[in-house]
Protein chains: 2
Amino acid sequence: MTKSTIFIVLGMQKKHVADIRAFNRFYTGVLGLLDQHILDSRYSLPEVRVLYELYHSVNLTASEIIAILRIDKGYLSRMLLQFQKKKLVSKKWSARDGRAAHLSLTEKGRNEFEALNEASNRQIKDILERLTEDDCNILVGHMTGIRTILSKTK
Amino acid sequence: MTKSTIFIVLGMQKKHVADIRAFNRFYTGVLGLLDQHILDSRYSLPEVRVLYELYHSVNLTASEIIAILRIDKGYLSRMLLQFQKKKLVSKKWSARDGRAAHLSLTEKGRNEFEALNEASNRQIKDILERLTEDDCNILVGHMTGIRTILSKTK
DNA sequence: AAAAATAGTTGACAAAATCAACTATTTTTA
DNA sequence: TAAAAATAGTTGATTTTGTCAACTATTTTT
C-alpha cells in the first residue's frame, strides 16, 4: 500500500463518518414523520413499543419488557396499570415465581394495537406507492444490507 | 404480466412494508444507542439539534429554527434563554424586522458544540473500525442509496 | 437460616413539551 | 393610509414524560 493510498483511506473514513451522520439526521426526520400518526393517537411512543412487545409474545413479564426496551421499571409499572384500567392488558401472577406476573393483551388490546399497526403499514405503503417497483426493491435491499452489516458488529 | 406475477408483486409489497418497518425498529435502536452519549451530556436531544442548526448557519432567527426543527416556539424561547445565560448564544435584534432577532453561537457555544460533535464522530468511527473496509463502503453506499430514493418522493 | 438478589409498586420529583394569552412589530387590504 | 390580519417572540400555567429511591414480597445464593 502506497503513502497516497493510506492518505485516501484515512481521508475516506472522515467522509464515511460524515455520510453516516448525514444519514442519521435524515433518517431521524423520516422516523419522526412516521411517528407522527402515533403521537396523534391516544398513545405515546413508549406505550406503543410496549404494546408491540405484548402483541408479539404472550405472557411476557414486566422484567422481560424492561430488558427488551430498557425502560424504567416504575414508569413501566404505571403504564401497565393504565393499560389494565383501560382493559387492554391482563395480568396473572406466575405460579412458578410469586414475584413475577405474566402480561397479555386482551381482545381489546389486540384490536387497538392492530389499528395502530394498520395505520403504520398504510403510511409505508403510501411511500412505496410513490416509488417505481425497482426503487422499492432497491430501497428494501439497502435496508436489509444495513441491518446485515451492522448486526455483525455486535 | 401473468396472474401469478401480479400475485407475486402484490405479495411483495406486504413483504416490503414488513421489511421497512423491521428496519425502522432496528434503526430506532441504533439511533437510541448513538444518542446515549448526548443524554449523558449536559444537553438534551432537542438542545443539541438547536445547537447543530446554529453551528451550521449564522444569524438564524428563532422562527427559522422552528420551521426547520418543528419545535414549539415557547419551548425554543426558553431554551434560547438558557443558552444565553450560559453564554453559548448571542442575540441581536434585526435591523430590518423589529420583531425578529438573529442568533449566533458564541466562541464558547462553538466549542461546546464541537466537543459534542467530536464525541459523535468518535462513536461512528468506533463502529466503522469494527468493520472491514469493504463493509464500510457498502454500508455508506446503502445509506446514500436510501437517501437518494426517499428524497425523490417529496 | 441468614444474606443477597430479583420482581414489582409507590411516592416524590425533575425534565420535557404543549397551550394559550400577551406585547410589539410588520404586512396586508379595503 | 387607517384598520385588520399576520408574524416574531415572550411568558405563565399546565400536562406529559421520565427518573430516582425507598419499600414489600418473594426467590435464590451462600
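Each chain gets a letter, A, B and so on, in the order the sequences are listed, and its residues count up from 1. Bear in mind the structure is a predicted one, so any value in this text is a computation, not a measurement.
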Worksheet item: NA contact type, B:Ser44, heavy-atom cut-off 4.0 Å: base, sugar-phosphate, or nothing?
Response: sugar-phosphate
Worksheet entry | Side chain B:Ser120, main chain B:Leu116, donor-acceptor under 3.5 Å |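 Indeed, once roles are kept as given, a pair shorter than 3.5 Å links the two residues.
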Taking [atom1] from [X] and [atom2] from [N], how many angstroms apart are they, rounded to a whole number?
X       : N      : atom1 : atom2 : answer
B:Gln82 : C:dA15 : CD    : P     : 11 Å
A:Ile38 : D:dT17 : CD1   : C1'   : 16 Å
A:Ile71 : D:dT19 : CD1   : P     : 9 Å
A:Arg49 : D:dT17 : CZ    : C1'   : 13 Å
B:Met79 : C:dT18 : CE    : P     : 11 Å

Worksheet entry | Donor + acceptor pair across side chains of A:Asn117, A:Tyr52 (<3.5 Å) | no
Discussion item. With no hydrogens and no angle check, just 3.5 Å: does a side-chain donor-acceptor pair link B:Asn121 and B:Glu118?
Written reply: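 Yes, B:Glu118 and B:Asn121 have a side-chain donor paired with an acceptor closer than 3.5 Å.
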Fill in: Side-chain heavy-atom pair A:Met79, A:Gln82 within 4.5 angstrom cut-off
no
Discussion item. Once pairs are restricted to Watson-Crick or G-U wobble with both distances under 3.5 Å, how does DNA chain D read as a dot-bracket string, [ ] for crossings and | for other-strand pairs?
Written reply: ||||||||||||||||||||||||||||||
Worksheet item: Rounded to the nearest 0.5 Å, what separation is found between the OG atom of B:Ser77 and the CD1 atom of B:Ile71?
Response: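 Interatomic distance, B:Ser77 OG to B:Ile71 CD1, rounded to 0.5 Å: 11.0 Å.
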Discussion item. If I take atom CD from residue A:Glu64 and atom NE2 from residue A:His102, how far apart are they, to the nearest 0.5 angstrom?
Written reply: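 Between A:Glu64 CD and A:His102 NE2, I get 8.0 Å after rounding to 0.5 Å.
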Discussion item. Within a 6.0 Å radius of atom CZ on B:Arg70, are there more than 12 heavy atoms belonging to other residues, nucleotides or ligands?
Written reply: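 Open: at most 12 neighbouring heavy atoms sit under 6.0 Å from CZ of B:Arg70.
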Worksheet item: Using 4.0 Å as the upper bound for N to carboxylate O, is an ion pair formed by B:Glu112 and B:Lys86?
Response: no
Response to the item:
Going 5' to 3' through nucleotides 2-14 of chain D and flagging B where a protein heavy-atom sits under 4.0 Å of the base, S where only the sugar-phosphate is that close, and - otherwise, we get ----BBSBBBBB-
